[in-house]
Amino acid sequence: MRYIPSPIPIHCEWVYTATADKSGRMQYHKIKPGQSKLRISRIEFIKAYNSANIVAMRPIQEKDSETDFQFEFYV
């Protein structure tokens, strides 16, 4: 997946991430940039994804796989 970063700095209140740990289990986090990182449930992540005003998304591609990737979105 090709990703072109924005040349304009993005101001956001929250960053939500969906990343896999070493065993392959998904971990979901809600991050207040520069302040805190809180682990959240999958349901809370999905609710935020479906209802929040998303400013940007960033895919995080796995090194050894062209089809599996993780991502974060900015609110």
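Predicted, not measured: the structure shown is a model, and the values here were computed from it.
- The closest side-chain heavy-atom distance from Met57 to Tyr49 is below 4.5 Å.
- To the nearest 0.5 Å, atom SG of residue Cys12 and atom CG of residue Asn53 are 13.0 Å apart.
- Within the 6.0 Å centre-distance limit, the rings of Phe73 and Phe45 are counted as a close aromatic pair.
- Contacts classified as side-chain hydrogen bond (donor to acceptor under 3.5 Å, both in side chains) and involving residues 23-42 (residues at least two apart or in different chains) are given here: Asp21-Ser23, Asp21-Gln27, Gln27-Arg39.
- Applying the side-chain contact (heavy atoms from CB on, under 4.5 Å) criterion to Ala20, with sequence neighbours excluded, gives Met26, Gln70.
- With sequence neighbours excluded, the residues satisfying salt bridge (Lys or Arg N to Asp or Glu O under 4.0 Å) with Glu72 are Arg58.
- Considering every non-hydrogen atom in both Ile60 and Thr19, the closest pair reads CD1-CG2, 4.4 Å.
- With a 4.5 Å cut-off on side-chain heavy atoms, Thr17 and Phe71 do not count as touching.
- Taking CD1 of Ile54 as the reference point, atom CH2 of Trp14 lies at 15.5 Å (rounded to 0.5 Å).
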